[in-house]
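Please read the structure below before turning to the comments.
Start at 1 with the first residue, then count along the sequence. Counting convention: from 1, in listed order, for ligands and their atoms alike.
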Amino acid sequence: MFLTISTTGTPERPATDLGFLLHKHPDRAQAFSTSYGRAHVLYPEADPQRCTAALLLEVDPVALVRRGRGKNRGGAPDAALAQYVNDRPYAASSLLAVALSAVFSSALRGVCTARPERAAEPLPLRVEVPALPARGGPGLVRRLFEPLGWTVTAEPVPLDTEFPEWGDSRYVRLALESAELTLSAALRHLYVLLPVLDDAKHYWVAPDEVDKLLRAGEGWLPGHPEQKLITSRYLSRRWSLTRQANERLELVRLAETDDSEVEEIDNAVGEDTETEEKPTPLAVLRREAILTALTESGAARVLDLGCGQGQLVQELLRDVRFTEVVGMDVSVRALAIAARRLKLDRLGERQAARVRLLQGSLAYTDNRLKGYDAAVLSEVVEHLDLPRLPALEYAVFGHARPRTVVVTTPNVEYNVRWESLPAGHVRHGDHRFEWTRAEFRAWAGAVAERHGYDVEFRPVGPDDPEVGPPTQLALFVARTVKEAKAA
Ligand code: SAH
């Protein structure tokens, strides 16, 4: 059972960079143990013009059966096991998908420390899987991959070449080509779609499969024309999980159709104003409130932490008072979009000197973030798991220590005012929590106390008498600065 990934290159962008992107050196064949057998990575060709990496999985049918038995205590039907054993060693593409994610986990996430800029770039890719079990045949293979930007060749494999009258097997020979995709996107397509085509997941579907699916589907699954089939098959037709996945994907799709995470839902703001004009999106009001706070603080050098797709960075650059603007985000994909929005590759020297995008995580201290006048965390804290917040707190308020910090976050009390939001739902699929006004104040007050800042709170959007504003903003100012000013 195997899969190859090839790319072509130029002297400036050698094809052998594939080795960096996959975190696997082209000169060495490497083997990894997985729970189903051994996975090998080798490069049949590796020169600057052309480079091919092969992932080969030697399935251990005994391990499979043993594992199956263990899982079976949960109640999986026993009869299904027999079918796993016969063709698995040769063709099980869902096992290949598991091996893919185990062996190329960083590449899947788009992380490449040696060549970060290349990880975010599309590159010419060709993927081949010589024997892919495909329930639904070549037609379904095309319906799954073509909407994602692949040129698809899917030829049915005859059951037996000597007896063509027997017809085709359920296998296809698959070749995919594209020059529009990043390696991370390509791997995430395969990770989800190979098992979908196989349609016989070998392991018991756990509830966290929904999270895995949404993570791997980021940027392409929401709104895919076959989204329903993909979620249903990927989750082994477990109805409740499938419904949950589709609901979450729908929220993501709504949010992504606009250029900011919540603008779609935000458009409801100000609906009852007298004018007929389109109400101002909340994301715009939020950026205005942030700009006001930054201007008042007199900041010139500003960090936008969790800058996402760079809307605020762009706005800050339009104001000459901000002499240096740095956007940081953990998501390579978001940064790639931000770089395009800001036209970083076409900026004049003066503008280019004012702006920088960094990849990094707020869960770790980072010396690159030291010495700035102000930092903004706009709609970011709620994307971290609560237990990670102390790490973010220390990284920003303890280590980077800008004079001014502006934090915005949704006010969960306001959610009852969103007509399009089903009761009990957060506004965005990736929100780990949403706070009431009291919860936000308690957190911000304690942070300010621990790190020597004063904090004040401001509403963003219409301040509802009962439930407050849709967005809450906290403005932190370091105490030492205030004292120095007073003196
Ligand atoms: N600030 C933007 C984007 C908000 S969405 C705006 O107001 O529109 C939240 C962003 O936080 C995402 O881009 C996400 O990638 C980023 N993020 C989540 N966890 C992070 C972390 N640990 N470190 C840095 N960025 C993170």
Side-chain angles (χ1 to χ4, degrees), residues 109-111 116 119-120 184 211 214-215 218-219 251-252 254-267 269 280-291 293-294 302-317 325-342 356-366 368-369 374-397 399-400 405-411 426-435 460-461 470-474:
R109 284 181 284 119
V111 176
S184 159
D211 295 317
L214 294 192
R215 265 201 301 276
E218 194 196 313
L251 282 175
V252 176
L254 276 176
E256 280 183 352
T257 35
D258 211 306
D259 67 348
S260 163
E261 75 159 299
V262 279
E263 246 154 324
E264 184 76 19
I265 310 179
D266 290 349
N267 278 333
V269 168
T280 313
L282 184 56
V284 173
L285 297 176
R286 197 156 45 223
R287 290 196 286 273
E288 280 171 7
I290 293 168
L291 258 126
L294 290 177
V302 179
L303 296 166
D304 182 8
L305 303 175
C307 63
Q309 307 183 355
Q311 292 94 334
L312 179 66
V313 172
Q314 184 172 42
E315 206 149 313
L316 291 171
L317 286 174
V325 182
V326 175
M328 185 186 99
D329 204 284
V330 76
S331 158
V332 173
R333 178 172 163 264
L335 290 172
I337 296 172
R340 235 178 293 147
R341 175 191 305 276
L342 300 167
R356 229 157 10 114
L357 295 179
L358 304 175
Q359 202 225 341
S361 170
L362 287 163
Y364 303 97
T365 57
D366 189 334
R368 297 174 300 177
L369 307 183
V376 177
L377 290 104
S378 165
E379 309 296 286
V380 173
V381 290
E382 66 276 9
H383 288 263
L384 274 86
D385 290 320
L386 273 173
R388 305 293 284 168
L389 269 194
L392 172 140
E393 174 189 334
Y394 182 70
V396 176
F397 295 88
H399 192 79
V405 182
V406 182
V407 177
T408 77
T409 194
N411 163 22
V426 295
R427 292 181 206 176
H428 187 263
D430 194 43
H431 286 181
R432 306 305 162 92
F433 58 87
E434 285 178 353
W435 274 329
V460 181
T471 297
Q472 27 189 357
L473 181 150

Give the intermediate values and the outcome of side chain to side chain contact (heavy atoms under 4.5 Å, CB included) for residues V405 and L377. CA-CA 8 Å; V405 182; L377 290 104; 3.8 Å; yes

Identify, by atom number and element, the atoms of ligand 1 in contact range of [X], meaning under 4.0 Å from any of its heavy atoms.
| X | value |
| --- | --- |
| G360 | 23 (N), 24 (C) |
| S331 | 15 (O) |
| H383 | 5 (S), 9 (C), 18 (C) |
| G306 | 1 (N), 2 (C), 3 (C), 10 (C), 11 (O), 25 (N) |

Using 30° and 60° as the class limits, which term best fits the ring planes of H431 and H383: parallel, tilted or perpendicular? perpendicular

Between V302, L294, L291, which is the residue that forms a side chain to side chain contact (heavy atoms under 4.5 Å, CB included) with V406? L294

Using side chain to side chain contact (heavy atoms under 4.5 Å, CB included), reason through L384 and R432 one step at a time and then give a plain yes or no. CA-CA 6 Å; L384 274 86; R432 306 305 162 92; 5.8 Å; no

Does any N/O atom on [X] come nearer than 3.5 Å to any N/O atom on ligand 1?
| X | value |
| --- | --- |
| S378 | yes |
| A334 | no |
| D329 | yes |
| S361 | yes |
| L384 | no |

Is there a side-chain contact between R109 and S184, using heavy atoms and a 4.5 Å cut-off? no

Would you say the side chain of L362 lies within less than 4.5 Å of the side chain of M328, judging by non-hydrogen atoms?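 The answer is yes; the side chains approach within 4.5 Å.
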
Option with minimal heavy-atom separation from atom 20 (C) of ligand 1, where the choices are L377, L392, V330: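 The option holding the nearest heavy atom is V330.
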
Working to the nearest 0.5 angstrom, can you tell me the gap between L335 CG and R340 CZ?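 Between atom CG of L335 and atom CZ of R340 there are 11.5 Å.
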
Residues I290, V460; criterion side chain to side chain contact (heavy atoms under 4.5 Å, CB included); working and verdict: CA-CA 9 Å; I290 293 168; V460 181; over 6 Å; no

Would you say A283 touches ligand 1, if touching means a heavy atom closer than 4.0 Å?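 No, A283 has no heavy atoms under 4.0 Å from ligand 1.
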
